[in-house]
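Accompanying notes for the structure given below.
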Number of protein chains: 2
Amino acid sequence: MTNIKEIAQYAGVSVSTVSRVMNNHPYVSPEKRKSVLQAIDQLNYSRNINAIHLSKGKTNLIGVIIPFTNHPYYGAIVQGITKQANAIGYHIVIFQTQYEREKEIQALNMLQMKQLDGIIVCSRISEMKVLLDYQKYGPIILCEDTAQAELSSISIDHYAAFSSALEYVVAKGYKKIGYSLGRKKSRNSSLRTKAFNDIMNKYHLLNKKEWLFEGSYHIKDGEKLFQDWNSMIDKPEAIIITNDDTAAGFILTANKFGMKVPEDVAILGFNNDSLSEMLDITTVSLPLDWIGKMAVDLFENPKVIRHVKLDYTLMKRKTI
Amino acid sequence: MTNIKEIAQYAGVSVSTVSRVMNNHPYVSPEKRKSVLQAIDQLNYSRNINAIHLSKGKTNLIGVIIPFTNHPYYGAIVQGITKQANAIGYHIVIFQTQYEREKEIQALNMLQMKQLDGIIVCSRISEMKVLLDYQKYGPIILCEDTAQAELSSISIDHYAAFSSALEYVVAKGYKKIGYSLGRKKSRNSSLRTKAFNDIMNKYHLLNKKEWLFEGSYHIKDGEKLFQDWNSMIDKPEAIIITNDDTAAGFILTANKFGMKVPEDVAILGFNNDSLSEMLDITTVSLPLDWIGKMAVDLFENPKVIRHVKLDYTLMKRKTI
DNA sequence: TTGTAGGCGTTATCAA
DNA sequence: TTGATAACGCCTACAA
């Protein structure tokens, strides 16, 4: 593998001159530049970027932590991240955790070892404390509605979004209302739970523990959710499902069982995936690609810790 | 940032000893090991991996070229790649091309500059010639049914898979058959087109140019596909749609327009996404996660160029 | 079992 | 406008 030194020899200049040519620095005479360029061409030279990384102390790589790659929610965020990252000359390293803490730590270690210039955490496993520990090695951006002030974050106001969805359900006259979350213990979920409890209290509605469902991510989970719901003696009449894929799975399964939405049970989803549009699912639209874009923006300006909130929109369709 | 030298000083040993400890080499006395470990702890040391990369000439990073991140087909493949790559100590850098050639070249350049140890191309843009050019810089694995012998590949036998799907449609008694592809010019598409033409000839069936549709990737494309189909005077009675998302979009739109599948038009999809299962779409199941796994296996053994083919399964359900 | 020294390929500083 | 040379931080013969 030919290196800068060989080019220098071949072109009859010093390595510094070659480096200058490679980096488009000024102060290189046209003749020398030309001979360097020729040498590069002749010897089929290309830079070893690891040497540059070492020398510069950065890699132009951002780590992205997500639980699944094959999920529309994270797919959309990653799409947004990738686009903006590319725009500022960065590339993305995907860490698919499947909610294993170890995978997240791997990413953090790579930040520490300078293989990554920063990390965007789309869904967190470790405690805040851990992330804060690693922050000294590079910017860590959180895509979650965090109250912590020490880490920049970008998120939807999940409390408000869920509240307004629930208010809508209540306004429609439903009294027996259930809801379905991803991981119960996640930040988003706890905000949603708080919103649920607050609103239910406000209207003096029954808040049954069994009407909180968990583990909804994928379309197949919706099938299970329907079965759980269907096997209940006392069923909620409306369910807020915090992800459209699961909502779609629920509705399609219900149809198979000869049940109609919203006649037999009303459904309100989240995310506004194209699938929800196809199925006319009433849902809360979240600007996922913008989350991605903003996360990169926050990464770019690590000096100022900011907590950005993005807006949501209730898409009124036909399932409630 | 503390480095190996400082640790050596602090621990009263040489840098080599520190290096040996870091790499779990034998031949380090317990006492020295201990003092090194202490120094590491005291000084809060962590390795700069870029130096290791430079020194070793590799990064344990594999580039993955895909058109979209938010698509179940590629999501599933990436899932498989990620899993297997992690198992052998590699991480994944995603290149989302959206079919822009430039993005693909970026990845190839990173291979050339040694930021990547290899590349897995899930959907190709550049000509084979270009990829072959870059092969000297590291293994390039192609997830496509390629005839070329110079590059390892992993794929489904798309000719056979499409043929068997079409044979099934014919056997069901359909004579007016259309099909829908992603990019007409892709390798997969050309194999499918060849299969279509061959089978249609074999049975002396009408092969109308207008019944070849293009640009089907996402669920929304299915909506458009339905509209295109619906606006035809002479409609095909069955359509093979080479991706379940689009098939689902087609069917759901058809239902909105009061049409029934398969009564008004029969549909056969590809991929066996969970959505197709939910909707009872007859589809060709492709082992996408295995493609990912095998791609990494091929990357691991770059010495032998191999062309692996994986099996498909026709999932007989209710849309034809 | 340990240490010395050279190499990995660039960039950056400083002097010329 | 150029060139030496010292970083950057680690690995690995080779010698001891």
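Throughout, a chain's letter reflects where its sequence line sits, starting with A, and its residues are numbered from 1.
- For Y73(B) and Y217(B), the gap between ring centers reaches or exceeds 6.0 Å.
- A sub-4.0 Å separation between OP1 or OP2 of dG3(C) and a side-chain N or O of S14(B) is present.
- Heavy atoms of T2(A) sit nowhere under 4.0 angstrom from any nucleic acid atom.
- At a cut-off of 3.5 angstrom, the base of dA4(D) holds at least one donor-acceptor pair with the side chain of S16(A).
- A salt bridge links K103(A) with E100(A): at least one charged nitrogen is closer than 4.0 Å to a carboxylate oxygen.
- Salt bridge status for K293(A) with D289(A): absent, with no side-chain N to carboxylate O gap under 4.0 Å.
- Distance K34(A) NZ to dT2(D) C1': 20 Å, rounded to the nearest Å.
- Checking K114(B) against R20(B), the closest nucleotide of DNA chain C that is more toward the 5' end is the one next to R20(B).
- Per the geometry, CG belonging to N23(A) stands 15 Å off C1' belonging to dT13(C), to the nearest Å.
- By the 4.0 Å N-to-carboxylate-O rule, R101(B) lies close enough to E127(B) to be salt-bridged with it.
- Contact annotation: Y45(B) reaches the phosphate of dC10(D) (side-chain N/O to OP1 or OP2, under 4.0 Å).
- Between R47(B) and dC11(D) there is a side-chain N or O to OP1 or OP2 distance below 4.0 Å.
- A donor-acceptor pair shorter than 3.5 Å can be found between the side chains of Q96(A) and Q79(B).
- I52(B) comes within 4.0 angstrom of the backbone, heavy atoms only, and of no base.
- Here dC8(D) presents its C1' atom at 13 Å from CG of N48(A), a figure rounded to the nearest Å.
- One interatomic measurement links the two molecules: NZ of K56(B) to P of dC10(D), which rounds to 13 Å at whole-angstrom precision.
- Atoms CD1 (I4(A)) and C1' (dT11(C)) sit 8 Å apart, rounded to a whole Å.
- For the OP1/OP2 pair of dG7(C) and a distance below 4.0 Å, the side-chain nitrogens and oxygens of K5(A) include no atom meeting the criterion.
- Base contact: S19(B) has a heavy atom under 4.0 Å from a base atom.
- Taking atom CG of residue N50(B) and atom P of nucleotide dC8(C), one finds them 18 Å apart after rounding to whole Å.
- Phosphate contact (OP1/OP2 of dG3(D), side-chain N/O of T17(A), threshold under 4.0 Å): present.
- Rounded to whole angstrom, the span from the CE atom of M22(A) across to the P atom of dA12(C) amounts to 14 Å.
- Here dG3(C) presents its C1' atom at 17 Å from CD1 of I7(B), a figure rounded to the nearest Å.
- Listed nucleotides dC10(D), dT2(D), dT12(D) differ in distance to K32(A); the shortest reach to its side chain belongs to dT2(D).
- Residue V18(B) is classed as having no contact, given no heavy-atom separation below 4.0 Å to the nucleic acid.
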